[in-house]
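First comes the structure, then the notes that go with it.
Every value quoted in this text rests on a predicted model; they were computed, and no experiment measured them. Throughout, a chain's letter reflects where its sequence line sits, starting with A, and its residues are numbered from 1.
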Amino acid sequence: MDKTIAITENIQKIRQDFPILGRNINNHPLVYFDNAATTHKPRQVLDALVHFYSHENSNIHRGVHTLAQEVTGKYENAREKIRSFINASYSHEIIFTKGTTESINLAASSFSKRFVSSGDEIVITEMEHHSNFIPWQIACSERSATLKVCRITDSGELDLDHFRELLTSKVKLIAVTHISNSLGTVNPVKKIIEEAHASGIPVLIDGAQAIAHSRVNVQELDCDFYCFSGHKMYGPTGIGILYGKEKYLNDMPPYQSGGSMIKKVTVKETTFGDLPLKFEAGTPPVGDAIALVAAVEYIENLGFDFIVNRENELVNYALDKLETLSDIKMYGHAKHRAPVISFLIDTIHPYDTGIILDKLGIAVRTGHHCTQPVMDKYNIPGTVRVSFAFYNTIEEIDAFIIGIERVKKILKV
Amino acid sequence: MDKTIAITENIQKIRQDFPILGRNINNHPLVYFDNAATTHKPRQVLDALVHFYSHENSNIHRGVHTLAQEVTGKYENAREKIRSFINASYSHEIIFTKGTTESINLAASSFSKRFVSSGDEIVITEMEHHSNFIPWQIACSERSATLKVCRITDSGELDLDHFRELLTSKVKLIAVTHISNSLGTVNPVKKIIEEAHASGIPVLIDGAQAIAHSRVNVQELDCDFYCFSGHKMYGPTGIGILYGKEKYLNDMPPYQSGGSMIKKVTVKETTFGDLPLKFEAGTPPVGDAIALVAAVEYIENLGFDFIVNRENELVNYALDKLETLSDIKMYGHAKHRAPVISFLIDTIHPYDTGIILDKLGIAVRTGHHCTQPVMDKYNIPGTVRVSFAFYNTIEEIDAFIIGIERVKKILKV
Amino acid sequence: MYTVETINKIQDEIVEEFSQYGDWLEKYELLIEYSKTLPVISETFKTEENLVAGCTSKVWLHAEVKDGNVFYSADSDAIITKGLVALVSRILSGHTPREIMDAELYSIKKIGLSEHLTPNRANGLQAMIRKMKEYAKSAGGND
Amino acid sequence: MYTVETINKIQDEIVEEFSQYGDWLEKYELLIEYSKTLPVISETFKTEENLVAGCTSKVWLHAEVKDGNVFYSADSDAIITKGLVALVSRILSGHTPREIMDAELYSIKKIGLSEHLTPNRANGLQAMIRKMKEYAKSAGGND
Ligand SMILES: Cc1ncc(COP(=O)(O)O)c(C=O)c1O
Ligand SMILES: Cc1ncc(COP(=O)(O)O)c(C=O)c1O
């Protein structure tokens, strides 16, 4: 009892760091269950942004003046902070991009130019977000390679038998999501990487949904690439990370080209600089990279022990409550799951559910969640998805459950 | 006299909007003459950023909940604001990117995939920033096309005779900078576009240096593409614009792929959405796009009449003062010039000049300014570059001139 | 002029009807009632071409001309969207192409459903209206 | 141990020398004086390979071993950079590979030039020191 009160007080304190959580929507207090789309930002992140722009702002690299030196240092410190956050071996294995989508596009374009030729194969899975699907589809079509798609089971888990069948000598890379954004499945990526490596195949992990919800250790996973977005980990939009093992990044050609990433430019020929700048053409999102440090620090201050416990508590409570309702059909029943729940109410279109919940101040995501192949598999137009962050509360879930009852009543189920 | 005082008071008021201008560097008040690298951000822009993240934050598109709707609306309003700022015909001709470099990479990759084949030519100029140089070099090498480089004259202007010679039927596109970032030259882009169009050749303008310093009207220019960065126009880092005429953008294949830019994804095939989303895969830098509106409003409130007058006054004063000094060699003597001055003091290395000036609190840029071919032309390792914004003052220029004298004394010229 | 007033007369009736309900809940319930009055598009017309782009839910829209007047049939897999298309269809259906093209749908705002009119609204109400007017145009509104 | 002290003795002398100058201006003037004492690299060694990467200005660095000791010659097109390389060269030149590899260049901070030590510093002082130690290593510091 005392412990519950302590946790509740703690959460109330945490919620104060997120000013937006105090908003009213349609005369109801906002219940924000769309954290898988984007998380909110604590004051600390905004303070870092404002401090940067109002006291330090400068372009980076090669400037000799104090501001340029300071900001270059802070930008490189941000890289080092991310390195230590995911335990990469070297900070030059951390490439700043504008988000997961760009990270994967970079990897798909640049890796396949170097390592994929006609007749080769790339393996992805049926549960990939479009951002980890289409870039490989395009890369394959450009290199006359074949895209192989690993099936998922009815419970929304990877079909590991099928996966093993796909591991032929033609496969040049496997791209798989750490956590499914539409089904909540946590994939056994360590095992997948082990088996892939046993066949000499490198693995790219789409970590967009994982990075904020459990400790990621790229050396322990031994993944070859890992991608994520700042805005899904309490940081600003416009910044993301591509982690890549040095041995691959070194061999891959640049992706974009322009300022800061060259050794020598002449009309005849251009030679490119070393990692990581080779992959960071132009002025990077310096302010966002620096503010991302504040997001990492915020997460580290809370600690993943707390975050994982808290989010498990929320998702388990919500699952229990949903089970007490009739006419709810869940999509995704993985044993190991993230704080993401996809469902439909009877034959009610997810759009209708979303509209009514919004009228009650409850923000859920509806639709295909950029995973059309998953929806095709289940032959549904989409789902209603709720996704939690540590700042959500049991009371919010109760309000959501009441909301579901009202949806059913209004839409006469 | 009264007018001067009024202007001075006005500038002092404007300077208050830029908190960083109050900083001391090495015990001297900061004199920031590195505006061509990046400009500072007024409070209004920071307020917009903070307001967005603390009251509105949400992912965009397809979300039916209120926050998602609001933010999608604001994001699309930002697009409309940029459209009206540069007077494009349609807001779907405005593509949000992370900066000029990405805008040009997108155009180079996507345009050339569609319109450039073996044996074709692309024309750029000797004064291009690497960001408007290397992407075309790479595109040409990928398409077995030839890159032609228009010469510049000793005074740092385009050699228009050479330009005309280059306009053959093989040329598929001309990419040229509006304003040279290392020489300050304002190119006669309207004339260039006219002549190119007369030969049926589309023109891309690199507007990175122009956008904040004079009114850009893309319909009047009739350019086919126009690229610029938010951070050089008093906006945040991580956001940029590619303007393209609908007729080209419609025909060009997507650049990056992923969420938000598709019509339908199946394992067999993906079909892409319409403009502008076709070119905006993944979560865009929403916060930065929205804050960019505040930057545009700030510029519009001041007005280009004021800005152009003010910056001309500053650059002319600085040029006059520099002329009174001995041993100064200027690079770039264009008749029509921007508030950018490149020079060297006798044989002093620009790095040495930069270091000493920094000790005096004066921030200048030194080096090749990402225009190595220009430095090669003049056979110098780089220049010292001062670049002004409306918030700079005559007193700052005086301090800079005194600084130059000290550099000469310390380095014994 | 008289004909446009007819469209507006229907609009005024609808505004009147909705004005009897105070809160959003009752309005939505009425909208759902509307959805049941929609002349349903025949399955053969549920083609890719007849889909309205820009809706999260699917909306199929078909138009037929009888005696110089345009009649709409439609369907949607989402009931609120279906209610919206039924509402607009009740306003526009049965009028001449010219009348439809000239119609200004002020009633939607007055009813208190203006939130659905923003271009970024995932139900694509604006897109539906645009498509209805396009049908009218190609049915002879060019006179 | 004795030998590292020799390097440190030189460092202490330099710290002492710089300590007589209060402000940055005098320090830089002294640095410029240092630049004139640098054993200048012969033109034939001004190769791409001998360039120190990561400097805004060009720095060429060469090392020779005489009687078991390493001697550096260098040049730079920027005088302050040249002063820095002269300073470090004065400290390290003439010592054994082992001594050079073990040397800790604490003097630079003490002199008040620590700003030049940040890795992002465009003069690449850290890169220079690294390259000098690499030369020492390949000259036999692996014993
Ligand atoms: C699993 C997964 N991958 C990739 C992405 C794309 O991330 P972003 O839109 O930040 O580029 C998302 C975000 O929706 C995601 O959930
Ligand atoms: C003329 C010109 N083009 C392109 C760029 C590249 O802009 P960004 O670094 O913002 O991508 C710059 C900026 O330095 C520039 O001055």
Taking side chain as everything from C-beta outward and backbone as N, CA, C, O, which of these in Ser260(A) sits under 4.5 Å from a heavy atom of chain B? Side chain, backbone, both or neither. backbone

Without swapping roles, check the side chain of Asp376(A) against the backbone of Thr266(B) for a donor-acceptor pair under 3.5 Å. no

Counting heavy-atom pairs under 4.5 angstrom with chain A, the leader among Glu126(B), Glu142(B), Arg43(B) is Glu142(B)

Measuring only between side-chain heavy atoms, which start at C-beta, is Ser257(B) closer than 4.5 Å to Asn105(A)? yes

If you tally heavy-atom pairs under 4.5 Å against chain A, which of His130(B), Lys232(B), Glu269(B) wins? His130(B)

Under 4.5 Å from any heavy atom of chain A, what part of Val364(B) do you find: side chain, backbone, both or neither? backbone

Is it the side chain or the backbone of Asn26(A) that comes within 4.5 Å of chain B heavy atoms, both, or neither? side chain

Taken to the nearest 0.5 Å, the spacing of Asp358(A) CG from Thr66(B) OG1 works out to 3.0 Å

Do Lys98(B) and Gln256(A) come within less than 4.5 Å of each other through their side chains, counting heavy atoms only? yes

Is Tyr53(A) close to Ile20(B) at the side-chain level, that is, under 4.5 Å between some pair of heavy atoms? no

Using a 4.5 angstrom heavy-atom cutoff, name the option from Met261(B), Glu102(B), His231(B) with the most pairs to chain A. Glu102(B)

Got a second to check how far Tyr75(B)'s OH is from Thr237(A)'s OG1, nearest 0.5 Å? 9.5 Å

Strictly by modelled atom types, are Tyr32(A) and Ser58(B) linked by a side-chain donor-acceptor pair under 3.5 Å? no

What residue in Pro236(B), Gly367(B), Pro253(B) has the most heavy-atom pairs under 4.5 Å with chain A? Pro236(B)

Check each atom of Ser229(B) against the heavy atoms of chain A and say whether the ones under 4.5 Å are side chain, backbone, both or neither. neither

Give, as side chain, backbone, both or neither, the part of Leu30(A) having an atom under 4.5 angstrom from any heavy atom of chain B. side chain

Whether Ser131(B) side chain and Gly282(A) backbone form a donor-acceptor pair below 3.5 Å: no

Assess whether atom NZ of Lys148(B) is packed by more than 12 heavy atoms of other residues, nucleotides or ligands within 6.0 Å. no

So for Phe272(B), is it side chain, backbone, both, or neither that comes closer than 4.5 Å to the heavy atoms of chain A? side chain

Are side-chain heavy atoms of Asp34(A) and Leu67(B) found at a separation under 4.5 Å? no

Plane angle bin for Tyr255(B) and Tyr255(A) - parallel if under 30°, tilted between 30 and 60°, otherwise perpendicular: parallel

Does Asp288(B) reach the side chain of Asp288(A), with side-chain heavy atoms less than 4.5 Å apart? yes

Student check: side-chain heavy atoms of Ser54(B) and Leu46(A) closer than 4.5 Å: yes

Assert top hit (heavy-atom pairs under 4.5 Å, partner chain B, pool Gly238(A), Pro135(A), Pro254(A)) equals Pro135(A)

Do you know which of Asn132(A), Ile262(A), Leu49(A) has the most heavy-atom pairs under 4.5 Å to chain B? Ile262(A)

At a heavy-atom separation under 4.5 Å, does Lys268(A) approach chain B through its side chain, its backbone, both, or neither? backbone

If you count heavy-atom pairs under 4.5 Å between each of Thr101(B), Ile362(B), Val265(B) and chain A, which one has the most? Val265(B)

Would you indicate whether the side-chain heavy atoms of Asn57(A) and Lys41(B) approach each other to under 4.5 Å? yes

If you count heavy-atom pairs within less than 4.5 Å of chain A, which of Val267(B), Leu147(B), Val149(B), Val50(B) leads? Val267(B)

At a 4.5 Å cut-off on heavy atoms, which part of His129(B) comes close to chain A: side chain, backbone, both, or neither? side chain

Atom CZ of Arg23(A) and atom CD of Glu70(B): how far apart are they, to the nearest 0.5 Å? 4.0 Å

Heavy-atom proximity to chain B below 4.5 Å, by part of Thr39(A): backbone

So, Asn59(B) side chain and Thr38(A) main chain: donor-acceptor pair closer than 3.5 Å or not? no

Would you say Asn24(A) has more than 12 foreign heavy atoms packed within less than 6.0 Å of its CG? yes

Turns out that what part of Lys264(A) lies under 4.5 Å from chain B's heavy atoms comes down to both

